[in-house]
Amino acid sequence: MDIRENLSRIGEELEKELHDLDALQALENLKVRVLGKKGSLTALLRGMGQLSPEERPKAGQLINEAREKMTRLLEDKQKELAEREKEARLKKEAIDVTEPRDLPLIGCVHPMNLVLNQVLDCFTSMGFDVAEGPEVELDHYNFELLNIPKNHPARDAQDTFYIDDNTVLRTHTSPVQARTMLSRKPPIRIVCPGRVFRADEVDATHSPVFHQIEGLVIDKDVTMGDLKGTLDAFAKRLYGPDIEVRFRPSFFPFTEPSAEVDLTCFNCHGKGCRVCKGTGWIEVLGCGMVNPKVLSMCGIDPDVYSGFAFGIGLERITMLRYGIQDMRLLYEGDLRFLRQFR
Amino acid sequence: MKVSMNWLKKYADIPMTAEEYENRMIMTGTGVEGVEKLGSEFDHVVVGRVLSCRDHENSDHLHVCEVDVGGDAPLQIVCGAPNVKAGILVPVALPGAHLPGGVTIKKSKMRGVESEGMLCSSTELGVPVELYPSVGAAGLLIFNEDYPVGTDVKSIFFADDTVIDFEILANRPDCLCVWGVARETAAAMGTELRLPEITVQEAGGDIHDFARVEVRDAELCPRYAAKVVKNVRIAPSPLWLRQYLHAAGMRAINNVVDITNFIMLETGHPMHAFDLDKVRGRHIIVRRAEAGESLTTLDGKTYDLPQTALMICDEMGPTGLAGIMGGEESEITENTKTILFECAAFDRTSIRLTSRALGIRTESSGRFERGVAPATVMDALNRACQMVNELDAGDVVGGVIDEYPHPVSPVTLTVSCRRMARRAGVDIAPEEMVEILKKLQFVVTRDGDALTVTAPAFRQDIEQEADICEEVLRYAGYDRIPTTRLRGETTTGGLNDKAARQEALRRGLTGMGFYETMTFSFVSPKVIAMLGWPEEDKRSQPLMVRNPLGEDTACMRTTLLCGLFRTLETNIKNGNENGRIYEMGTVFDARNKTAEGLPTESPELAVGMYGAGADFYAVRGVAEALCRRAGVAYQLADCNEPYLHPGRRAALVSGGETLAVVGEVHPDAAERFDLTGRVYVAVIYLPALFRLSTPMGEVKPIARFPAVARDIALVMPEKTPVGPLMDAIRHGCGPLLEDIRMFDVFRGVQIGLGNKSVAFSLTFRAADHTLAEDEINRLTDKAVRTAERHSGAVLRS
């Protein structure tokens with residue numbers, strides 16, 4: 001039989017078989033049957049010995065060409081089948097991605113610390129140090145040095161928890177001011193976060209334990225404008241650039257002049273709503289220029305230095321920030337409440 | 001401080017809307033806490049005349065009346081009041097009227113007869129008898145005066161008045177009166193202040209023939225002034241006066257008593273009127289109470305007097321609590337003929353302490369506590385006498401008694417305009433400052449930058465330049481304060497060390513799935529006792545609060561565990577699954593005092609967990625992870641905290657210091673704290689952790705030579721602790737043992753009962769060469785031999 005015929009027959013058979021093939025193993029078998037040691041093409045190659053020397057080169061060339069073509073066909077088919085099998089595996093491995101699973105645990109700091117951290121970030125970036133003082137405090141620092149002399153109504157046992165005649169649970173963070181002024185030289189820029197105590201029964205808006213953040217700046221030529229500028233920066237940083245600061249006259253024994261500070265209601269942006277009781281303003285803190293008497297008592301010359309102080313109620317700004325209606329939630333530790341924070 | 005607008009407007013004009021006025025007052029320092037339109041509890045009630053009145057055919061007590069209310073035709077109204085009759089003028093609630101208590105009047109049929117409204121009693125309108133005389137609930141209110149029919153009765157009872165509740169700052173007791181608010185109002189409005197000119201018509205005689213006053217304690221009573229009124233004619237006060245008192249929240253009683261209350265509300269000077277005939281010896285003695293004295297006050301209550309209390313006495317004993325309340329004995333009655341008006345100044349602290357001690361708070365004591373100016377006493381006293389003239393309540397006797405040994409001189413300060421403007425941060429011209437101060441009744445002279453300022457007599461809060469600066473700024477306007485940036489030397493700023501370390505711990509705990517909680521700093525000593533520490537343990541000896549709110553907040557916490565257990569209990573009770581919580585806060589050590597004599601305050605961290613994934617090893621892991629994070633090397637050691645399970649508790653120690661205790665809560669403690677299920681806690685002592693923590697140094701290079709792992713299983717008695725065994729192997733193998741991990745524990749008959757087989761994975765690595773096979777074998781053998789020597793463990797075959 002003519003070698004050409006043989007080659008084209010083998011080629012046709014291969015193509016036909018390849019066409020019907022759908023498994024890698026079958027492809028491997030086919031490859032062996034054609035190109036293997038006992039394969040049909042290999043047999044043809046062996047049969048070349050019977051040809052005349054003139055015919056051989058021509059036949060050899062033909063067979064090699066056919067072999068190359070068949071090898072290419074087999075490889076293409078193999079690639080195709082491998083791809084198809086991978087697709088099938090991926091399809092088979094598909095899972096229900098909507099099935100629920102337990103999440104990795106991640107907790108959260110207390111909501112008041114979420115807010116406190118923002119406040120501290122703001123003030124430390126303006127050059128304020130964080131200072132702390134004792135929670136059980138001497139009367140001297142808590143009252144005397146802050147221009148609240150003996151028998152001042154603010155010292156009433158109704159408001160103040162006493163340990164003994166000279167020791168109280170601090171009623172505000174202001175004693176840290178006094179301690180700082182006595183121990184450091186101006187310029188002073190500090191914020192003092194901490195726990196304070198007043199003899200209030202627990203209800204939705206009162207707690208015998210609560211938190212304040214005190215601020216104090218002492219330097220030459222500090223003005224009430226600097227105070228307003230500092231609090232304006234604080235308000236805008238915490239609540240957004242459209243928040244305005246309003247000062248109202250007020251009274252505190254340790255500042256003069258004193259002011260109560262309102263911020264544009266961050267719920268309604270000043271239009272008036274339930275949160276601000278329709279006024280467009282929310283009262284958030286008290287402040288003022290440090291009373292020269294306090295400076296003198298704390299060893300700072302009021303003719304050379306002036307300063308301002310402010311006190312922020314942390315519970316209040318936390319409750320406002322998150323719309324918390326009842327202060328007790330902050331101290332109960334119920335995870336149904338705490339797990340809402342992030 | 002409730003102020004009637006009608007009263008206020010007598011003395012100062014308010015040429016703007018109510019809202020503008022309130023806002024202006026707020027911005028000049030007089031806060032507004034509330035506004036009440038009087039009589040707003042009812043509407044559509046008018047004066048009507050009963051034209052006719054006949055019996056109801058179907059009732060033995062109802063009447064059918066024709067009532068003229070000024071409309072086209074009279075109304076037919078059915079009325080059950082016993083005092084209804086033709087001819088009387090009464091309040092008529094028209095159909096659609098609202099009455100106090102949510103009542104709405106409608107046309108209706110009463111026992112078959114049409115009724116077009118209701119005739120009202122004072123009770124139905126909420127008008128107290130002391131405001132307008134009537135029989136109260138027993139019948140109709142009948143007008144005594146001849147009002148036109150159809151008149152809105154609100155205008156009769158309340159004169160269309162509005163009451164503003166002003167918030168007076170603590171340093172401004174001079175504003176606790178109509179005159180004070182009028183002064184601020186006139187200054188704020190820029191209108192004229194029209195306080196009345198005070199003139200008294202005296203009927204002759206000399207007060208010294210009627211009474212004698214002796215102040216024995218001038219320190220507590222710096223001024224005592226008195227006038228006497230004879231031929232007193234006790235009667236009800238006129239309606240306008242009753243309305244003023246009602247608007248201020250006070251009850252009208254009779255003309256003499258009403259005058260004293262009127263003067264207090266108008267001038268801020270509390271007054272008292274004594275029935276002089278009941279003052280024994282007509283001799284008033286102001287002194288402290290003596291041992292064993294008691295007094296029955298106007299309200300009929302009897303008090304044993306503390307010896308610190310300042311008393312108004314007569315020759316026989318106390319007849320009034322100075323500045324707080326008068327005595328029953330010398331009370332004004334219908335039969336009073338001669339009175340002595342007292343207007344005095346008392347020491348703030350003394351009044352406050354007595355008022356607290358006896359538990360009596362009155363309008364009078366409240367004002368004295370905050371400070372009444374001695375200098376203006378005489379104005380108030382004369383104004384009272386003027387009112388006696390006006391109301392024809394008696395004849396004012398000539399002369400005055402005025403015990404005022406040390407007259408208070410007005411405060412004069414010299415201040416600098418430039419300094420004040422700089423303090424305020426507002427560019428206020430000296431001329432404007434002068435104008436503002438004059439408006440506030442300061443006497444001012446200017447010499448260039450210097451102002452010499454004399455404060456008005458009623459102001460007691462002016463002491464220094466800063467006070468003047470505030471006055472100026474209040475009226476220049478707080479709105480004018482600019483927002484300026486801090487200048488001067490730059491400061492670095494930042495968290496202090498403790499706050500930074502605590503924040504790092506919080507971040508770690510957040511990452512481990514814990515939520516932070518906060519509880520009160522005070523607890524009950526009984527709850528501390530529930531933790532089971534011996535009495536001599538310092539944590540069992542808390543710092544006691546002298547005046548706690550109650551037993552459960554009686555002492556300062558010596559541990560965070562009380563709060564932690566309580567929070568755990570709340571969460572378990574509320575069915576919150578898989579609790580992981582912590583609290584970081586201060587604990588108080590009463591035994592170790594600071595140099596200042598204060599208790600030592602230390603930060604502490606308490607961690608609690610229950611539910612899925614919670615066990616001893618998990619909670620120990622939390623404490624260990626935090627120690628590692630802080631760079632503290634620690635060992636596990638025994639722990640004998642009584643609130644922890646004796647077989648499931650441990651301490652983390654370092655160099656003899658306890659860093660933490662961890663464990664499962666002892667079932668006894670769990671029962672005492674109401675904790676159900678197994679709960680695990682850790683207490684981390686932060687002072688020790690912070691002290692021993694080390695800063696992170698340079699990083700080590702990553703090893704260049706390969707590591708080799710070998711697994712071994714060692715059989716040992718069940719009781720052998722694995723931790724120390726691993727420490728021994730580490731020590732025995734030296735630095736070439738990079739890591740040892742336990743990965744399995746097997747128990748079974750194959751290895752003998754009472755034994756366990758513990759599998760370890762050993763990782764060996766040398767920094768400078770690849771370990772050869774024989775080196776690895778030698779190291780592995782060493783590990784096995786060390787384990788054998790250390791705790792008799794043998795290689796599992």
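Letters A, B, ... are given to chains in the order of the sequence lines, protein chains preceding strands, and every chain is numbered from 1.
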Part of [X] within contact of chain A (heavy atom distance under 4.5 Å):
{"X": "Glu465(B)", "answer": "neither"}
{"X": "Met518(B)", "answer": "both"}
{"X": "Leu473(B)", "answer": "side chain"}
{"X": "Ile26(B)", "answer": "both"}
{"X": "Met584(B)", "answer": "neither"}
{"X": "Pro599(B)", "answer": "side chain"}
{"X": "Phe520(B)", "answer": "both"}
{"X": "Leu549(B)", "answer": "both"}
{"X": "Met544(B)", "answer": "backbone"}
{"X": "Thr28(B)", "answer": "backbone"}
{"X": "Glu596(B)", "answer": "both"}
{"X": "Glu503(B)", "answer": "side chain"}
{"X": "Asn23(B)", "answer": "side chain"}
{"X": "Arg507(B)", "answer": "neither"}

Per-residue contact mode, [X] against chain B (heavy atom under 4.5 angstrom):
{"X": "Arg248(A)", "result": "both"}
{"X": "Glu137(A)", "result": "both"}
{"X": "Thr230(A)", "result": "both"}
{"X": "His140(A)", "result": "neither"}
{"X": "Glu332(A)", "result": "backbone"}
{"X": "Phe123(A)", "result": "neither"}
{"X": "Val217(A)", "result": "side chain"}
{"X": "Lys150(A)", "result": "neither"}
{"X": "Asp262(A)", "result": "neither"}
{"X": "Arg336(A)", "result": "both"}

Select, from [options], the one with the greatest count of heavy-atom pairs under 4.5 Å involving chain A.
{"options": "Arg566(B), Glu583(B), Arg419(B), Lys498(B)", "result": "Lys498(B)"}
{"options": "Leu543(B), Thr594(B), Ile581(B), Thr553(B)", "result": "Leu543(B)"}
{"options": "Asn171(B), Thr349(B), Thr30(B)", "result": "Asn171(B)"}
{"options": "Gly425(B), Gly29(B), Ser521(B)", "result": "Ser521(B)"}
{"options": "Pro548(B), Ala424(B), Gly511(B), Cys469(B)", "result": "Ala424(B)"}
{"options": "Thr517(B), Thr492(B), Asp467(B)", "result": "Asp467(B)"}

- Query: Between Asp165(A) and Arg546(B), is there a salt bridge with N-O shorter than 4.0 Å?
  - Reply: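 The answer is yes: the pair qualifies as a salt bridge.
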
- Message: A side-chain contact here means heavy atoms from C-beta on lying under 4.5 Å apart; do Met556(B) and Glu135(A) qualify?
- Response: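 Contact flag for Met556(B)/Glu135(A) side chains = no.
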
Mind checking the [atom1]-[atom2] spacing from [X] to [Y]? Nearest 0.5 Å is all I need.
{"X": "Glu132(A)", "Y": "Asn496(B)", "atom1": "CD", "atom2": "CG", "answer": "4.5 Å"}
{"X": "Ile481(B)", "Y": "Asp226(A)", "atom1": "CD1", "atom2": "CG", "answer": "11.0 Å"}
{"X": "Leu495(B)", "Y": "Asn117(A)", "atom1": "CG", "atom2": "CG", "answer": "8.0 Å"}

Where [X] and [Y] come nearest, the two heavy atoms and their spacing:
{"X": "Ile106(A)", "Y": "Tyr515(B)", "answer": "O-OH, 3.4 Å"}
{"X": "Phe308(A)", "Y": "Leu486(B)", "answer": "CE2-CD2, 3.8 Å"}
{"X": "Phe247(A)", "Y": "Met27(B)", "answer": "O-CE, 3.3 Å"}
{"X": "Asn578(B)", "Y": "Arg339(A)", "answer": "O-NH2, 3.1 Å"}
{"X": "Ser258(A)", "Y": "Tyr478(B)", "answer": "O-OH, 2.7 Å"}
{"X": "Ala233(A)", "Y": "Arg485(B)", "answer": "CB-NH2, 4.2 Å"}

- Query: Can you say whether the rings of Phe161(A) and Phe522(B) are parallel (under 30°), tilted (30 to 60°) or perpendicular (over 60°)?
  - Reply: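 Aromatic pair Phe161(A)/Phe522(B) classed perpendicular.
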
- Those residues at least two apart in sequence (or on a different chain) that pass side-chain contact (heavy atoms from CB on, under 4.5 Å) with Arg172(B) are Ile168(B), Asp174(B), Cys175(B), Glu184(B), Arg459(B), Asp461(B), Glu471(B), Arg474(B)

Main-chain N/O of [Y] paired with [X] side-chain donor or acceptor, under 3.5 Å:
{"X": "Asp164(A)", "Y": "Val545(B)", "value": "no"}
{"X": "Arg423(B)", "Y": "Glu256(A)", "value": "yes"}
{"X": "Glu516(B)", "Y": "Val109(A)", "value": "no"}
{"X": "Glu601(B)", "Y": "Val136(A)", "value": "yes"}

- Message: Just to be sure I understand the criterion: a residue of residues 567-576 of chain B counts if one of its heavy atoms is under 4.5 Å from a heavy atom of chain A. Which ones qualify?
- Response: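 Thr567(B), Thr570(B), Asn571(B), Asn574(B), Asn576(B) fall under the 4.5 Å cut-off.
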
